[in-house]
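Below is one structure, written out as structure tokens, with a few remarks after it.
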Amino acid sequence: MPVLNKYVALTRKDMQNVLVIGATGQIGSELTLELRKRYGGGHVVAGYIPGAEPKGALKDSGPLGIADVTEGDTIARIVKDYKVDTIYNLAALLSVVAESKPALAWKIGIDGLWNVLEVARTYGCAVFTPSSIGSFGAGTPHVHTPQDTIQRPCTIYGVTKVTTELLSDYYHAKYGVDTRSVRFPGLISYQTLPGGGTTDYAVDIYYAAVRGEKFVSPLRAGTYMDMMYMPDALNAAIQLMEADPSRLKHRNAFNIASMSFDPEEIYRAIKKRVPGFEMGYEVDPLKQAIADSWPDCMDDSCAREEWGWKPQYDLESMTEDMLEKLRVKLSQ
Ligand code: SER
């Protein structure tokens, strides 16, 4: 199918104005500030939904606007007003909460994506919409999961992520919309908490350690999943959107990886630094079933070759930083 759109020729150094949809969420709250640091506060609009208004630095460091993916007009208005050329569309429900609200997960993840892509097509914006390790399923090779492989997820979260990849590729092929994406591992940060994901335990465990509490793991020992420290995740998103498009053979979505561990390994990394820390197990069947269907570790060689992906943090350096930052945060 011919690509007709002129915007495909833009390189990301032409990027002037950015909209982050979901700017108060797990990724958005940090990505918005990082983008403002790099491009200047006035060039990055924090898009939020009523009830999740930006506060503090997020509110004070740049423009804000209501950006509800289920109301395409709200996105179009910001894109027009601020001459936005790049949209980070971070609106989504995480895997566990999505299982209890499948219709809402679809409405936000896919109907919402459709609205964002239509705005992007009309106004010539590039679009980043995250995919996830959740886009894979039980039939996927679990070790060194290839870039191009079987994607038959068993969760509604995964169904929306595979659809996100397909729809984003379709808009690129049919309309030349500059869509790009990564498959994020479980993301770990000391700032905004995740909410309702399968990988959340790897954040919660640090809070328990710093608070001096025993941690109860909802996943069995031996349950390996890809995980990533937030600074690497932010770099991945920005670096991919700035990458030279002529080098990209893939678009939606690149495997990216930095570390893979099970509850025992993260526990040991923490216990080395917090000797009295204890962990027990109380397996949550839903979380366990979801985790068992996801890869143990992905092969990210395409991201490394096509746009120079290279993570900075491993389990040890992340644990060092998480404990240090959380001690400060929780003592305030
Ligand atoms: N962190 C997500 C979840 O657990 C996976 O991408 O749902």
Side-chain angles (χ1 to χ4, degrees), residues 22 25-31 88-102 104-106 108-110 113 128-138 140 142 145 151 153-165 168 181-207 217-220 223-234 236-237 240 252-263 266 283-298 300 303 311 313 318 322:
Q26 183 201 7
I27 303 174
S29 56
E30 294 184 53
L31 183 66
Y88 287 86
N89 170 27
L90 307 176
L93 297 186
L94 289 181
S95 56
V96 176
V97 70
E99 282 309 300
S100 63
K101 300 172 185 168
L104 184 62
W106 183 270
I108 294 172
I110 301 308
L113 172 64
F128 176 90
T129 310
S131 185
S132 159
I133 51 174
S135 69
F136 296 113
T140 305
H142 275 33
T145 302
Q151 289 183 281
C154 61
T155 60
I156 188 67
Y157 178 71
V159 171
T160 65
K161 289 302 180 190
V162 176
T163 310
T164 293
E165 295 187 11
S168 299
S181 175
V182 296
R183 296 179 182 132
F184 277 131
L187 298 181
I188 296 167
S189 165
Y190 60 90
Q191 295 193 33
T192 308
L193 284 166
T198 305
T199 58
D200 294 12
Y201 92 90
V203 177
D204 299 339
I205 192 171
Y206 287 106
Y207 277 82
S217 171
L219 298 175
R220 269 194 295 275
T223 308
Y224 281 83
M225 285 185 284
D226 279 298
M227 301 279 182
M228 184 171 287
Y229 200 30
M230 190 61 88
D232 278 330
L234 303 181
L240 174 58
N252 303 284
F254 284 92
N255 287 359
I256 54 168
S258 62
M259 63 185 94
S260 165
F261 53 75
D262 80 328
I266 187 171
V283 171
D284 177 315
L286 174 61
K287 289 184 182 173
Q288 187 65 52
I290 296 175
D292 286 344
S293 76
W294 289 355
D296 295 0
C297 60
M298 293 186 286
D300 62 359
Y313 286 90
M318 173 179 78
M322 272 296 281

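One-based numbering along the sequence shown. Both counts, for ligands and for their atoms, begin at 1 and track the order of listing. Remember, it's a predicted structure, so these values are computed and weren't measured experimentally.
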Q | Which residue and heavy atom of the protein sit nearest atom 4 (O) of ligand 1, plus the separation | A | T198 N, 2.6 Å

Q | Electrostatic pair D292-R220, nearest N-O below 4.0 angstrom | A | yes

Q) With a 4.0 Å heavy-atom cut-off (strictly under), which part of W294 contacts ligand 1: side chain, backbone, both or neither? A) side chain

Q | Distance from atom 6 (O) of ligand 1 to nearest protein heavy atom, with residue and atom | A | S132 OG, 2.7 Å

**Q.** Residue S95 vicinity, atoms of ligand 1 by number, heavy atom under 4.0 Å
**A.** 3 (C), 4 (O), 7 (O)

Q. Heavy atoms, side chains only, cut-off 4.5 Å: are F184 and I27 in contact?
A. yes

Q: Evaluate the ring planes of Y229 and Y313, with Trp represented by its six-membered ring, and classify them as parallel (under 30°), tilted (30 to 60°) or perpendicular (over 60°).
A: perpendicular

Q: Would you check if M318 and D232 make a side-chain contact, meaning some heavy-atom pair closer than 4.5 Å?
A: no

Q. With atoms numbered from 1 as shown, which atoms in ligand 1 lie under 4.0 angstrom from a non-hydrogen atom of G197?
A. 3 (C), 4 (O), 7 (O)

Q: Answer with yes or no whether the side chains of S189 and E30 bring together a donor and an acceptor at under 3.5 Å.
A: yes

**Q.** Closest protein heavy atom to atom 1 (N) of ligand 1, given as residue, atom name and distance to 0.1 Å
**A.** T199 OG1, 2.9 Å

